[in-house]
Amino acid sequence: MQGESGAQQPPKFIVMIATGAALGLLGLGLFWAWQRWRYQESYHDKNYRQASRIWPQKAQAWRKLSLQRLNPAGDANPDLAGALRAAQHAVRDDGADWRNWRYLALSAMESGKMTLTQKAMREMQKHSDGFYARYLYANLLLVNGNTQAYWQNLIPALAIAPARKLPLIFPLLLSAADEHYTKLSRATHKAIELTEKHTLYVTNPGQAFYLSHAYLDFLIQPQQLARAARWWPRVIRYAGPPDRWTRQRRLTVHESGLELLQNAMANGDIPLAMQIWHTGIKMHAWGRLRTAIGLEDGQRIPDGDFMLRLNRRPLAWQACFTCGPYVTRSRINTAGAEPQGYAMRLDFNGGESGRITIAHQWLALSPGKTYRLGFWTRNSSSNSATKRTGVMVIILALQSGNAAWTEPYSISIHPSWQHAMLIFSTPTSPRMPKPNYQIQIIYQRPAGQMPFQGWIALAGFRISPNSNQPRFDIQPNLTPRNP
């Protein structure tokens with residue numbers, strides 16, 4: 001009998017087959033790894049022709065090859081036929097990727113095959129709900145002269161456009177609208193409605209706000225300020241209830257409103273500026289800024305007692321810290337009828353010369369009206385012979401960037417706090433149709449006098465309509481309010 005000393009061994013031919021299969025799989029794996037490495041090297045070297053030959057089933061290389069043949073390097077002519085063949089190959093390999101259809105549409109359009117272009121663009125749109133595909137399809141329709149279809153396809157594209165893309169889109173859309181802002185406003189409004197009614201398009205819960213804010217930023221320009229002012233309430237509404245605003249949303253609303261307001265004032269459109277200001281108050285858009293930036297009828301200087309830091313807000317005091325005197329914001333420690341809170345302090349070393357504009361601020365004044373300017377001043381001088389400081393507070397009207405009318409007040413030596421008042425009347429409209437107003441603090445060394453040395457403090461600026469204007473019927477309180 002045969003012994004049972006061990007397990008029965010498999011036939012030798014089976015062992016040989018198994019060993020050969022294992023070695024074959026290992027060799028195949030090594031081959032594919034080598035092929036993949038060759039493909040990646042060719043792709044990274046932008047040799048897309050070689051990459052597509054190494055891995056013909058890889059649509060990515062064919063797609064890049066199509067674009068490379070459409071836009072060859074140097075002065076070489078485009079290979080339209082080669083670009084079209086490469087794009088068709090990419091589509092055959094992966095027809096579910098909308099990017100392959102995009103390159104087929106591009107190469108077909110450059111080759112003059114408009115029927116194939118339209119088919120490729122429709123496929124591109126079908127395989128992608130993204131903004132880019134829809135936007136490109138809309139532009140193709142515009143190129144083909146189908147303006148109505150362009151707007152029909154553009155509106156869904158706007159409804160899902162990434163927020164970072166929106167500032168770049170609107171200038172292009174204006175050109176497509178033949179510079180008609182009404183068309184652009186209507187399209188933006190419909191896109192916002194689409195984000196609210198169709199959840200299919202809502203990729204970002206704040207899309208309506210981002211879209212409306214981007215359009216507002218586009219409208220803030222001298223020729224479109226009135227349209228921007230009409231659009232601004234939409235931005236506030238789309239921001240949601242003010243008590244639920246995030247810090248970023250609050251800053252966005254404030255800064256867009258302030259930019260709009262400042263542009264209206266700089267453009268000389270004071271009624272529009274007041275309209276913007278009161279709209280913001282009514283819709284609770286200013287928040288805490290309402291107490292810090294006063295454009296009410298009785299307080300026409302936004303930051304009269306320097307509650308805000310210098311240069312911090314567009315409407316606050318804009319100071320030049322390198323023009324001459326050392327400019328600082330300092331706290332006032334006094335009581336009673338003297339000013340409280342903060343003051344602007346100017347320190348002179350005696351080396352300042354020429355005319356220096358130290359600080360300025362925009363004003364919301366109306367032409368042909370009488371106002372009274374009140375402020376507090378105090379200074380010291382190391383030169384006892386100095387009678388005038390050379391510092392002046394000026395109300396001026398600018399027309400086309402030039403000073404067309406000024407009303408100055410010269411600051412003399414006052415070692416203790418003194419209240420100054422200047423009553424002035426702005427020029428009527430016929431002289432200056434659309435002026436913009438500023439208050440400026442300047443220094444100009446008085447003729448024949450030694451340069452001023454020491455410090456000057458200014459506080460509590462306030463401009464009120466004069467009491468002889470029956471429309472206001474108020475007695476201005478010129479004592480500065482506490483910050």
Side-chain angles (χ1 to χ4, degrees), residues 151 154-155 158-159 161 163 166-197 206-242 245 249-287 289-290 293-297 300 302 313-315 362-367 429 433-437:
W151 290 107
L154 176 72
I155 290 171
L158 274 180
L166 289 170
L168 307 175
I169 294 173
F170 283 111
L172 302 176
L173 298 187
L174 182 61
S175 177
D178 296 327
E179 307 295 323
H180 291 160
Y181 283 86
T182 302
K183 291 182 181 179
L184 192 53
S185 298
R186 189 182 301 118
T188 306
H189 180 64
K190 289 183 178 180
I192 292 174
E193 287 183 338
L194 197 59
T195 67
E196 296 177 326
K197 295 180 180 179
Q207 183 69 8
F209 172 69
Y210 296 129
L211 185 54
S212 61
H213 177 257
Y215 186 53
L216 175 66
D217 279 351
F218 173 69
L219 289 177
I220 297 179
Q221 47 185 300
Q223 293 78 17
Q224 298 299 324
L225 289 179
R227 188 183 297 272
R230 293 193 299 270
W231 187 267
W232 190 51
R234 297 178 186 265
V235 178
I236 303 173
R237 285 198 299 270
Y238 294 137
W245 287 350
R249 186 158 295 195
R250 183 179 297 108
L251 287 174
T252 301
V253 173
H254 288 176
E255 289 173 0
S256 62
L258 286 173
E259 185 180 2
L260 178 60
L261 183 61
Q262 177 173 314
N263 275 270
M265 294 174 68
N267 203 40
D269 199 337
I270 303 306
L272 182 64
M274 298 304 295
Q275 172 192 330
I276 295 166
W277 176 251
H278 289 297
T279 297
I281 292 176
K282 181 180 179 181
M283 301 186 71
H284 308 286
W286 301 124
L289 293 181
R290 180 178 179 178
I293 300 179
L295 289 180
E296 303 288 2
D297 287 339
R300 297 301 180 96
R313 294 289 180 184
L315 290 179
W362 295 106
L363 298 177
L365 304 180
S366 301
S429 297
K434 215 173 187 183
N436 43 55
Y437 297 92

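Just so it is clear, the structure is predicted and the values come from calculations on it, not from any experiment.
Rounding to the nearest 0.5 angstrom, the gap separating the CD1 atom in I276 from the CG atom in L260 is 3.5 Å. L258 CG to N263 CG: the interatomic distance, rounded to the nearest 0.5 Å, is 11.0 Å. Here CG of L365 is found 10.0 Å from CE of M274. Values are rounded to the nearest 0.5 Å.
By the 4.5 Å heavy-atom criterion applied to side chains, P242 and W286 are not counted as neighbours. Side-chain contact between P271 and Q275 is absent, with no heavy-atom pair separated by less than 4.5 Å. Residues V253 and F209 form a side-chain contact, since some pair of their non-hydrogen atoms from C-beta on lies under 4.5 Å apart.
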Applying side-chain contact (heavy atoms from CB on, under 4.5 Å) to F218 and L174, what does each step give before you reach the verdict?
CA-CA 10 Å; F218 173 69; L174 182 61; 3.7 Å; yes

Please lay out, stage by stage, how L225 and D269 fare under the test side-chain contact (heavy atoms from CB on, under 4.5 Å).
CA-CA 9 Å; L225 289 179; D269 199 337; 5.9 Å; no

Take Y181 and L219 through the side-chain contact (heavy atoms from CB on, under 4.5 Å) test and state the conclusion after the steps.
CA-CA 9 Å; Y181 283 86; L219 289 177; 3.7 Å; yes

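Using a distance-only test at 3.5 Å, with no hydrogens or angles considered, no donor-acceptor pair links the side chain of Q207 to the main chain of A163. Between the side chain of W245 and the backbone N or O of A239 there is at least one donor-acceptor pair closer than 3.5 Å. A distance-only check finds no donor-acceptor pair linking the side chain of S175 to the backbone of L172 [under 3.5 Å].
Using cut-offs of 30° and 60° for the angle between ring planes, the Y215 and W231 rings count as perpendicular.
Every residue meeting the side-chain hydrogen bond (donor to acceptor under 3.5 Å, both in side chains) condition with H189, not counting sequence neighbours, appears here in chain and number order: E193, R234. Scanning for side-chain hydrogen bond (donor to acceptor under 3.5 Å, both in side chains) contacts around Q224 gives R227, with sequence neighbours left out.
Checked against L166 for a side chain to side chain contact (heavy atoms under 4.5 Å, CB included), the options T188, D217, L211 give a single hit: L211.
Dense packing is recorded around NZ of K183, with more than 12 heavy atoms of other residues, nucleotides or ligands lying under 6.0 Å away.
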